[in-house]
Amino acid sequence: MKHLRAWVLDTWRPLLAALAVVVVVGILLTFRIGSLTHGASLAEREYINTLQSGRQILNEPIFIVHKLPVYILFKLNIHRIGVYRLVSVFMAASMVVSTYFILKRWYSLRVALLGSWLALSAAATLHIGRLALPEASFLLFMPMVAAIVWMHTTTRPHLALVMLSFLTGFSLYIPGFFWLIVALYIWQRKDFWEAIKTMRGELQLLCGFIIIFCVLPLGLSAIQVPQNLLLAAGLPTHLPSISQIGKNILAVPMQLFIRGLNNPIYNLGRLPLLDVFSTVMIALGAYSLRYNLTHMRTQLVLGGAILFGILIAAGGLPVTVLLPLLYLLAAGGIGFMLQQWFTVFPRNPLARIIATTLVSVTVVMASFYNINRYFIAWPQTPATRQAFNQSLVK
């Protein structure tokens with residue numbers, strides 16, 4: 001009884017904080033999940049209708065991490081679009097939680113809270129993470145990074161390796177993540193090998209079995225449809241021209257910071273995907289990397305940006321695949337700005353409180369803008385009403 005009481009006294013605060021995070025994330029990502037729009041979009045309906053056959057999923061397993069839950073819901077004879085959208089909600093929630101985990105270990109609790117909240121409330125996250133479409137799978141980049149960080153910051157990396165085995169297997173079905181996995185394993189090969197050597201034999205077999213089991217459907221489908229390997233690698237089926245590569249490269253800053261695509265499913269009008277505050281913080285975060293070129297976070301962010309940038313230029317991936325990396329950069333900008341302020345006023349508690357308050361208020365204002373943009377402005381536009389007018393009932 002004493003041990004139970006001591007455990008409760010030691011853990012009630014973290015448990016309460018974790019519960020508060022779950023409630024906040026759950027409310028924002030599920031609020032009016034099925035009723036914010038008047039129906040499903042045509043893209044959502046067609047996507048769900050293509051997943052009527054399990055054999056068809058095995059023949060085209062790309063995005064299987066998203067397709068399989070949707071297929072199960074379809075077999076349960078569910079005709080509510082809000083339920084199907086919960087698959088993407090789960091992926092967005094895992095991205096936010098992983099962002100908090102990463103930032104807390106890279107920076108501080110203050111930066112972790114502000115950075116993860118900024119990522120959660122971003123209009124781009126709300127659009128991607130609340131649609132019954134497979135693009136939400138790109139948000140699983142963050143759990144991959146979290147598993148790597150966890151392996152480096154824990155004294156018992158075995159559980160992290162088991163989790164990483166699952167993520168590795170499923171990530172092979174997300175376009176472009178194959179190269180990310182190859183780069184990560186080459187980059188961290190020494191640490192992986194040291195951790196694997198200390199694992200028990202049964203855990204080594206478990207990790208190997210998980211990866212083989214997860215990769216098997218992709219291998220079988222590639223025998224029948226070799227094109228699936230190109231899709232899994234995030235490569236286009238036809239080589240783009242030089243002019244098209246240039247357009248794809250220019251599309252990155254244009255869509256992110258200047259003028260987004262006129263696609264009412266993913267965006268409000270032609271607004272850029274990111275707000276002004278996030279843009280400034282991303283620029284500041286990118287600038288701060290020059291002071292920590294040998295740090296793990298710098299190499300990971302720059303390496304991921306270069307890798308995904310090449311695949312976007314080739315026309316195999318959308319610009320939105322960069323969003324998780326940009327959220328890390330924005331959080332880095334917040335941390336860098338606070339660090340510079342604290343350096344100027346190292347022993348003045350009032351100055352530190354003022355700086356923290358001003359930054360927190362600015363983050364809340366940016367979040368308020370994004371939340372209003374998504375929940376109020378976007379569903380009321382005629383283009384959105386026209387795009388979301390489908391019913392899942394045939």
Side-chain angles (χ1 to χ4, degrees), residues 14 17-18 21-22 24-26 29 65-66 88-120 122 125 128-129 136-174 176-189 191-192 195-196 207 210-211 214 285 289 292 295-305 307-308 320-332 334-335:
V21 169
V22 170
V24 172
V25 173
L29 289 178
V65 66
H66 193 280
S88 297
V89 166
F90 175 80
M91 294 180 177
S94 66
M95 184 273 291
V96 174
V97 173
S98 299
T99 301
Y100 172 82
F101 177 86
I102 295 165
L103 296 177
K104 191 173 185 296
R105 279 155 178 77
W106 282 358
Y107 300 101
S108 64
L109 176 62
R110 181 186 298 109
V111 175
L113 289 173
L114 294 175
S116 55
W117 172 252
L118 193 64
L120 170 63
T125 300
I128 297 173
S137 304
F138 291 128
L139 300 178
L140 295 179
F141 168 80
M142 211 64 91
M144 282 285 296
V145 177
I148 297 291
V149 174
W150 185 19
M151 189 188 72
H152 278 272
T153 56
T154 181
T155 56
R156 302 178 63 183
H158 301 160
L159 186 58
L161 283 175
V162 174
M163 176 182 173
L164 198 57
S165 300
F166 274 109
L167 291 171
T168 298
F170 286 119
S171 295
L172 290 173
Y173 297 88
I174 303 174
F177 278 42
F178 166 79
W179 304 109
L180 175 67
I181 293 169
V182 171
L184 285 176
Y185 277 89
I186 293 176
W187 175 42
Q188 297 292 314
R189 60 188 182 279
D191 295 316
F192 282 130
I196 291 172
C207 291
I210 290 171
I211 294 176
C214 292
L289 295 181
N292 301 283
H295 198 281
M296 174 186 176
R297 63 172 178 261
T298 301
Q299 296 173 359
L300 195 150
V301 170
L302 289 179
L307 173 62
F308 287 144
T320 49
V321 73
L322 290 171
L323 289 174
L325 279 171
L326 295 175
Y327 296 147
L328 290 178
L329 275 178
I334 294 173

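All figures in this text were calculated on a predicted structure; none of them were measured in a lab.
Distance CG/Leu180 to CZ/Phe178: 11.0 Å, rounded to 0.5 Å. With rounding to the nearest 0.5 Å, the separation of CZ in Phe166 from SG in Cys207 is 9.0 Å. With rounding to the nearest 0.5 angstrom, the CG atom of Leu325 is 7.0 Å from the CE atom of Met142. Rounding to the nearest 0.5 Å gives a distance of 8.0 Å between CG of Leu300 and CG of Leu328.
In this structure, Leu289 and Leu329 have side chains that are in contact, with non-hydrogen atoms separated by less than 4.5 Å. Between Leu167 and Leu140, every side-chain heavy-atom pair lies at or beyond the 4.5 Å cut-off. By the 4.5 Å heavy-atom criterion applied to side chains, Leu109 and Leu113 are counted as neighbours. Within the 4.5 Å cutoff, the side chain of Thr168 has heavy atoms near those of the Tyr185 side chain.
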How far apart are the C-alpha atoms of Val149 and Trp106, what are their side-chain angles, what is the distance that settles it, and do they pass the side-chain contact (heavy atoms from CB on, under 4.5 Å) test?
CA-CA 9 Å; Val149 174; Trp106 282 358; 3.8 Å; yes

CA sep, side-chain torsions, deciding dist, call: Val182, Ile186, side-chain contact (heavy atoms from CB on, under 4.5 Å):
CA-CA 6 Å; Val182 171; Ile186 293 176; 3.7 Å; yes

For Phe138 and Ile128: C-alpha separation, side-chain torsions, deciding distance, then whether side-chain contact (heavy atoms from CB on, under 4.5 Å) applies.
CA-CA 9 Å; Phe138 291 128; Ile128 297 173; over 6 Å; no

I'd like to know whether Val321 forms a side-chain contact (heavy atoms from CB on, under 4.5 Å) with Phe141, so could you lay out the CA-CA distance, the side-chain angles of the two residues, the decisive distance to 0.1 Å, and finally the verdict.
CA-CA 9 Å; Val321 73; Phe141 168 80; over 6 Å; no

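Using cut-offs of 30° and 60° on the angle between ring planes, the pair Phe308 and Phe177 is tilted.
When every heavy atom of Val89 is checked against every heavy atom of Leu29, the shortest pair comes out as CG2-O, 3.5 Å. Of all non-hydrogen atoms in His66 and Ala136, the two that sit nearest each other are CD2-CB, 4.5 Å. The two residues Leu139 and Ala92 have their closest heavy-atom pair at CD1-CA, 3.7 Å. Heavy atoms only, all atoms of each residue included: Met296 and Ile148 are closest at CE-CG2, 3.2 Å. Here the shortest heavy-atom pairing between Leu164 and Met144 reads CD1-O, 4.2 Å. The minimum heavy-atom distance between Val111 and Ala331, with the atom names listed, is CG1-O, 3.5 Å.
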What pairs of donor and acceptor atoms, side-chain ones from residues 97-105 against any protein atom, are under 3.5 angstrom apart with sequence neighbours left out?
unit_1	atom_1	unit_2	atom_2	d
Ser98	OG	Ser94	O	2.7
Thr99	OG1	Met95	O	2.7

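Listed by chain and number, the residues in a side chain to side chain donor-acceptor pair (under 3.5 Å) with Thr125 are Tyr327 (sequence neighbours excluded).
Atom CH2 of Trp179 sits in a sparse spot, with 12 or fewer heavy atoms from other residues, nucleotides or ligands closer than 6.0 Å.
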